[in-house]
Amino acid sequence: MWVPSMELGDDGAEAPRWSLEAATRFVDGKIADFFAALGALCARRPKKVLAVSVCAVLLCSVGLSRFTINSNDDTLYLPEDAPSIERNGWIGRTFVRAKTEKSSTFYVFGTGAAHKNVLRDREALRALFGVHEKIVAAEDGHGRTLYDCGVTNHYGNKVWLGPLGYWNYSRDAFEADDDWRGTLARPRAVDWYGITSVNDGKVKPQETPLTRVLGDFEIVDGAMVSASAIQFMAKLVGDCPDSVSRAGDAAVEAASPARGVLDVFVHSHTSYRDAVLDALKHDLTLVLASLALLVAFASVCFGVDARTRGDAVGPRALLGGAALASVLLALAAAFGLWMAFGGYFQNLMAAAIFMTLGLGVDDAFVVVDAVDAVDDDDDDLSVEEAAANKLGEGLRTAGASILLTSCTDAAAFAACAATSNIPAVTSFCGVALGRKQKYSTRLQYSFIRTVSTYSFDRVAALCVACDFLLQVTFFAALLALDVRRGIARKRRFGAAAPLRARGAAKGPCAAVAQFVTRRECRLVVAGLVVVLLALGVAGASKLEMEYETQWMAPDDSSARRAYAVEEQYFLTSNVWFVDAYSRHASPSALYDHYESYVAALRKLDALKFNGLTKSWVAEFDAYRSAFNASWSDEAGFDAAIRDFRAHHAGHYGRELVAYENGGGGVLMPGGARTAACTILSFRDGANGTDSVCASKIPMSWKKVNEKSTQMRRLDEAQALLDAHGAEELGLFVQRSAVLEALALTWPQTVKSVGYVALTVFLTCLLLLGRASAAALMLGVMAFVDVVLIGALYWIGEYCNMITAVILTLAIGLAVDFSAHVTHAYFHAESASSALARMLPPILKAGGSTLLAVLPMAFSQSYVIRLFFAMSLMIISLGLFVGLLVVPAALQTADDVALYRNRRDLENRLRTASYAHDDGFAGGGHDYIGDSYHLIDDEPGGDDTRRASRLRVMELCDTGG
C-alpha cells in the first residue's frame, strides 16, 4: 500500500511535495497517457498499424540476405584482444621463418569395435590400411588430395605418423611380415622430423615413441601383444584448403566401422567446426518445437480466459498465434539489423531466440489480462470507440509495466555491451550501441573480449527492443480486432460476461495472495531465502574454473569421441611444457640487464614445480669457458653471442638459433637454413652487425589438470620475472588464451554484473520513482546471482566464459516478475491485491518461458544445454522471488509503516488530549502519516475524547 506524502499549503489545502516521487508520478502519468493514446490508435486504425509494422519489419529484415554462420567455436569463446593473442602472433613472426611453415594436424583414432584389444589379430591393422588408402585417395573436387597437402620431412617423406609407417604404408609389406608383432614393438624413426647432430651437423633420425602411435599397449618378449587404441597423424601445410581437410574427414567417416573390427574417429579443424555447425542446425530445428509448444500453450490460456468470461473460445484462442507472430517478426527484424551491420550467427544466438520467444509471450499475457480487466458496458459508444477505450485503458496499465521490464532487460544488456569485453556477452547485449567487432593488438586492456559473447548481448538487446515495439503495435492491432469482435458479439447476442473491475482480483487469486502475505507464510519464505543464500554462498566458495574447447562439439560427434580417445590413451604425459620469452625493447637491453636476466632464469629453474629449464645461458656460459670469451662493452657482448651462434655446440643443436635479415630465416653454419623452432632471435643493427632481439626459455613443469592451479603457477612464475627485469627485458610467461580468459572471468564478471546492476537500479528508480523499490530490485538481482553461482557447483558445472554470459543475463531476467508485482503495488490498495492482480499473467508468463526453453534440453550443444539448465533455475528463482519474496517484503514494509504511523498517531493524540484538558480551543486532530486532517469533534468530556481516539485507531486498523 502506498500513501502519497502531502503537506498543507498556505490556504490550508493539501499540496504535493516536489520530490522524486512527484516527478515520477508526473512521468508515469505521461507514459500512461501515451500508451492509452497508442492503444486507441491501434483500435481505430488496426489495419494501418499492421501494415506499417509489417513494412518496418520487412525493411529491417533485408539484412538477412547476408546471413552467415560462424561455427569456429574453438576461438569464439576465447579472449580477442588479450596479451596472449598478440604475443602468439609476435612469437610466430619472431621464431618461425615463414607462415607457410605453420601446419595443422589431421588425427585419426581407432578403437576396437568388438574387442578392447585392437591387436588381437591382423584385422584391425588391415582395416587401418583401408582407411589410409581412402584418405590418400580422397579429393576435394578440384583434384587436390590430403596427401598433396602433407608436410615433407628431412628424408623427403610425408610427415605421417602411425603404426602403418612401420611397413612404409605398404599393405604387401605388412602381409609378408610374419613377425608383425615384433615389428610393432621396435620404434620407427623416419616418419617424423629428423634432428641435427651436434658433432657433424648431419640430419639423423628422430626415434618416435610408441606412446605416440599406440595407446595402453603391452609388449611381452619383444612382441606387441595388445593395445587399446591406435593413433594416426598427418601434418598438413598451413595453407591447406578446408575442402581438402573435409574430403579426408568424409573418407574417415565413411570407413567406420572399418571391416567391423575398428571404430575410427577423425579430429581436424574442419571436423570440429562441422560438428559445431551440425549442432547449430539441430538447435534451429528445436526452435520449431518451441514455437509449437508456445502456440498451443498461449492458445489454451487465451481460450480458457474467453470461456471464463463467456466469450467465444475459438477466435480468442487465435491470439496465441498472433502473439507468436509478433515475436517472430521481432526476431526477423533484430537479426536482419544484426546481419546488416556485419554480424553473423553462432550457436550462442540460438539461446537469444529461445529467450525472446519466452519474453515476447510474457508481454502478450500481461497486455491481454490488462485489457480484459477493463469494462466495456457503455453501449452509447460505437464498437470502434468502445474498443478504442478498452484497448487504450488496458495499454495504459500494461504498457508501463512491460515498458519497465523491457527497459530493465535492455538496459542490462546495453550495460554489458558498453562495459564488458567478453564479446559473447557484449554482442548479445547491445547492437544498438553500434559497436563493431574488431581484433585489437593492444597489449594493455581492461577486460577480456570473446567474439561469441560480443554477438550475444547485442542481439539480445535488439530482440528485446523489437519485441516490445511490436507488442504495443502489431499485437495490439490484432488484439484490437479481437476486442471489436467481442464487443460486437456481446451487443448482438446479449452475452453479459461478468468482467471484473480494473485492478480487482478473482476469488482464487485473492485467496492465494492473502495466504502468501500472511505472517506465517512470510516467515517460511524468509527461511527459504536464508537456506538458498547459504547454499549459494557454500557452492560459490567451492566453484572451480574449467573450460575445454572440445565441449563445443556434440557428445556423439566423431571429433568429440576423438578427443575422448586422445585424452584417455595418448595424453598421459606428466609434463606440462611452458615457455617464457624475453622481448627486448632495444638492441642493448640484454647487455644492460644481462645479470637480471640470468637471475630470473635461476629463479625459474628453482620453482618447485619446474622439472627442467632449457636455458641457452648455460650453453653460452659453457662456450665462454671453452673459448675464453669475454667482453668489456656492448660491442664485445654482441660479438661473443655472434660467435656463440656460429660455433654453437650443445644439447639444442644449431637449428635453435634464428636470424632475421630482412627476408627472415635461420642462419646455419655453412649457409644452411632450417625452419625448426628457435631460442634466440637476432635483428640487423644499424652498424651492419646484429644483436639479440628476443629469446625463448623452454620449461618442463609438473603436469596439473586443475585450471586454477595452472593459473596460480603461471602467476607465480610471472611474479618472479617481474622482480627481475620484466619491464626492461620484456620477460613474460606465455599462457594459453583459454587460461587467460579464465583468469579474467571472475574479475570481469563481477565488474560487468556491478555495472549492469547499477543500470537496472537507475532504470527502476526512474520508472518506479522510489529508491526503496529500486533497492528492492537490487536485492533481487543480488539474491538470484548468488544462488545461481552456487547452483553451478551443485549441478556439477564450472565457472568460465559461458557461465559468465548466463550470470549477466540473469540480472536482466531476474527482475521481470518482481518488477511487474512492484509496479502493480504502487497502483493497488495493498501488496496482496497487487499480487492477486498480477498472479495470473505472471504464472502464464512463467509457464510460457519454461516451455520456450524446454526444447533446449535436447540440444546437441553444450552451450545451449547449459543455458537450459541455468534458464530453468533463473525462471524458477524469478517466480519464487516475484510471487513470494517481493510480496512478503512489500507486506512487511506495509506492516512496519502502519506500526510506525500507529505509534505516531497515539503519541500525537495523547499530546492533543493533554492540550484539550488544558483548555485547548479547536477541533480534535486525525493524523495520517506526515499529514493531518481537521475533524469536527467539539471539545467536550472524556466520552468525546475517547470517541475521537477510537476513530483514529479504526483508521489505523483499516490501513487509513
Side-chain angles (χ1 to χ4, degrees), residues 103-115 118-152 157-177 180 184 188 191-192 212-215 227 229-237 240-275 277-278 553 556-566 569-570:
S103 61
S104 60
T105 306
F106 185 92
Y107 294 92
V108 176
F109 297 95
T111 57
H115 302 280
V118 296
L119 299 181
R120 184 183 182 191
D121 50 35
R122 289 178 180 261
E123 291 303 314
L125 291 179
R126 287 170 178 162
L128 190 60
F129 269 109
V131 174
H132 174 262
E133 290 164 0
K134 290 183 178 180
I135 293 175
V136 172
E139 294 185 0
D140 66 346
H142 299 282
R144 295 171 297 189
T145 65
L146 201 68
Y147 186 84
D148 297 333
C149 293
V151 175
T152 304
N157 300 326
K158 296 296 182 181
V159 183
W160 288 26
L161 178 65
L164 303 185
Y166 289 46
W167 298 277
N168 289 324
Y169 298 95
S170 170
R171 184 189 291 267
D172 294 337
F174 169 71
E175 296 292 348
D177 187 1
W180 64 276
L184 274 178
R188 182 173 175 82
D191 294 274
W192 213 244
R212 300 290 298 275
V213 295
L214 296 174
I230 297 173
Q231 178 176 229
F232 168 77
M233 303 165 59
K235 280 289 185 180
L236 307 179
V237 295
C240 177
D242 288 348
S243 58
V244 174
S245 180
R246 286 193 171 93
D249 297 340
V252 176
E253 293 283 352
S256 183
R259 300 174 65 92
V261 296
L262 189 68
D263 288 330
V264 291
F265 316 110
V266 61
H267 168 50
S268 63
H269 69 284
T270 52
S271 71
Y272 173 84
R273 294 177 183 177
D274 291 345
L277 181 60
D278 291 340
D556 59 347
S557 65
S558 179
R560 187 66 179 271
R561 286 179 288 180
Y563 272 120
V565 174
E566 181 182 22
Y569 296 110
F570 298 101

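Both the sub-6.0 Å distance and the 45° axial angle are satisfied by Arg122 relative to the ring of Phe174.
Judged by distance alone, the side chain of Ser268 and the main-chain N or O of Phe106 form no donor-acceptor pair under 3.5 Å.
Interatomic distance, Gln231 CD to Leu214 CG, rounded to the nearest 0.5 Å: 9.5 Å. Once rounded to the nearest 0.5 Å, the distance linking CG of Leu146 with NE2 of His132 reads 9.5 Å. Here the straight-line distance linking atom OG of Ser170 with atom CZ of Phe129 works out to 6.5 Å at 0.5 Å rounding. Between the CG atom in Asp177 and the CG atom in Asp172 there is a gap of 12.5 Å [rounded to 0.5 Å]. Going from atom CG of Asp121 over to atom CZ of Arg126 covers 7.5 Å, rounded to the nearest 0.5 Å. Atom CD of Glu175 sits about 10.5 Å away from atom CH2 of Trp180, to the nearest 0.5 Å.
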For side chain to side chain contact (heavy atoms under 4.5 Å, CB included), just list the numbers for Val261 and Arg120, CA-CA rounded to whole Å, side-chain angles, deciding distance to a tenth of an Å, and then say yes or no. CA-CA 10 Å; Val261 296; Arg120 184 183 182 191; over 6 Å; no
Output, in order, the C-alpha distance, side-chain angles, deciding distance and verdict of side chain to side chain contact (heavy atoms under 4.5 Å, CB included) for Ile135 and Phe232. CA-CA 11 Å; Ile135 293 175; Phe232 168 77; 4.3 Å; yes
Step by step, work out the side chain to side chain contact (heavy atoms under 4.5 Å, CB included) result for Leu125 and Trp167. CA-CA 11 Å; Leu125 291 179; Trp167 298 277; 4.1 Å; yes
Do Arg246 and Asp140 pass the side chain to side chain contact (heavy atoms under 4.5 Å, CB included) test, and can you show the C-alpha distance, the side-chain angles, and the key distance before you say yes or no? CA-CA 8 Å; Arg246 286 193 171 93; Asp140 66 346; over 6 Å; no
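The distance between the ring centers of Phe109 and Phe570 falls below 6.0 angstrom.
Residues Val266 and Asp249 approach most closely at CG2-OD1, 3.5 Å, considering heavy atoms. Closest approach of Ala251 and Ala138 over heavy atoms only: CB-CB, 4.1 Å.
Using a cut-off of 4.0 Å between Lys/Arg side-chain N and Asp/Glu carboxylate O, Arg144 and Asp148 are scored as not salt-bridged.
Of the candidates Leu128, Val264, Val565, Ile230 forms a side chain to side chain contact (heavy atoms under 4.5 Å, CB included) with just one, namely Leu128.
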